[in-house]
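Here is the structure we will look at, set down as structure tokens.
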Amino acid sequence: MCPSDERSDRLGSMNPVACIRLRASAAAPAFPSRCRAAPQPPRSVSRLPPRASASTAGGMAKRRRLLLVPAISIAIGSFQYSLEKGSAKAEFTDMPALRGKDYGKTKMSYPDYTETESGLQYKDLRVGDGPSPKKGETVVIDWDGYTIGYYGRIFEARNKTKGGSFEGGDKEFFKFKVGSGQVIPAFEEAMTGMRPGGVRRIIVPPDIGYPDNDLNKLGPKPTTFSGQRALDFVLRNQGLIDKTLLFDIELIRIIPTQ
């Protein structure tokens, strides 16, 4: 009997289910798979730059700060300059409607001072000796000046050099001829009755002070730039602040007319 017949007889004597399984296994022998794994798609390569290290990032931040600080300083400086320039322009603008006005402020008066018809108030701090100056005679004086109507700031000091701080030292005394119109009206009037060596304190309202609020027209003029600037600031404010001034005048000597 041939092998195929023998196989057929063996299959015929088996259970039908087992026979089907056997035939299926015989019909589909297991061969090793020759299929290769499907190629995987290449990974996408990131085009972003590599992350900077901590030290590099810190250096960049520091450079940014160094560039930012000067820019902010320049911007603030420009804004401040424009603001000050605009305020100064408005502060010193001549306003004719405000000339001579003091916004209803009452005139300062002191009971221990003598007031004249012109509005000058004076008090002798020290009485001198000798004759009083006459018209045409030259007087040599020393003087202090204060903006008594505006924070009492000093703009001239007697026997002192004026600057950022006061230092001892003589300075040239101020001279003028009585009745010649070289000084403000208050100074002319203050000489009346004074004697050499005497010291008189006067309170000067704007009407008998510097004409047209200009310290360059009549004396006395502060001898330092800082004093001129302090006085000029008060005088040029057209009615916005009180321009009342206080002077201490010391009569050093009288030069007779020759």
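Only a predicted model underlies this, so the values are computations on that prediction, with no experimental measurement involved.
- Contacts of Tyr150 classified as ring pair (Phe, Tyr, Trp, His ring centres under 6.0 Å), with partners at least two apart in sequence or in another chain: Phe233.
- The shortest heavy-atom contact between Thr224 and Gly227 is OG1-N, 3.1 Å.
- Put simply, the side chain of Thr257 gets close to the backbone of Gly136: a donor and an acceptor are under 3.5 Å apart.
- Across all non-hydrogen atoms, the minimal contact from Pro131 to Ile254 is O-CD1, 3.4 Å.
- Val199 and Val183 end up in different hydrophobic clusters when Ile, Leu, Val, Met, Phe, Trp and Tyr side chains are linked at under 4.5 Å.
- Side-chain atoms of Thr244 never come within 3.5 Å of backbone atoms of Val204 as a donor-acceptor pair (strictly under, hydrogens ignored).
- The nearest pair of heavy atoms linking Gly219 to Phe174 is CA-CZ, 4.3 Å.
- Using a 4.5 Å heavy-atom threshold, the side chains of Pro211 and Leu218 count as touching.
- No donor-acceptor pair closer than 3.5 Å links the side chain of Glu250 to the backbone N or O of Gly198.
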For Arg195 and Asp129, what are the C-alpha separation, side-chain angles and deciding distance, and is it a salt bridge (charged side-chain N to carboxylate O under 4.0 Å, His left out)? CA-CA 5 Å; Arg195 301 174 186 275; Asp129 296 322; over 6 Å; no
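- Residues Glu188 and Val178 have side chains in contact (heavy-atom distance under 4.5 Å, counting atoms from C-beta outward).
- Side chains of Asn216 and Lys221: a donor-acceptor N/O pair is present below 3.5 angstrom, by distance only.
- Residues Val234 and Ile241 meet the side-chain proximity criterion, which asks for heavy atoms closer than 4.5 Å.
- Residue Val139 comes nearest to Pro133 through the heavy atom pair CG1-CB, 3.5 Å, listed as atom of the first residue, atom of the second, then distance.
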Given the rule in the side-chain hydrogen bond (donor to acceptor under 3.5 Å, both in side chains) test, do Glu189 and Ser118 qualify, once you have shown the distances and angles that lead to the verdict? CA-CA 9 Å; Glu189 188 175 355; Ser118 66; 2.7 Å; yes
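- Taking the side chain as every heavy atom from C-beta outward, Glu137 and Lys177 never approach each other to under 4.5 Å.
- Contact record, Ile203 with Leu246: CG1-CD1, 4.2 Å, taken as the closest heavy-atom pair.
- Looking at Leu231, Asp232, Leu215, Asp144 one by one, the single match for side chain to side chain contact (heavy atoms under 4.5 Å, CB included) with Phe155 turns out to be Leu231.
- The closest donor-acceptor contact from the side chain of Arg201 to the backbone of Leu125 lies at 3.5 Å or more, if one exists at all.
- Closest approach of Pro206 to Lys243, counting heavy atoms only: CG-CB, 3.9 Å.
- Here the side chains of Ile202 and Leu120 are in contact, with some heavy-atom distance below 4.5 Å.
- Aromatic ring pairs are classed by plane angle as parallel below 30°, tilted from 30° to 60° and perpendicular above 60°; the pair Phe247 and Tyr210 is tilted.
- For the pair Gln228 (side chain) and Pro222 (backbone), a donor-acceptor distance under 3.5 Å is present.
- Within the 4.5 Å cutoff, side-chain heavy atoms of Ile249 are placed close to those of Phe187.
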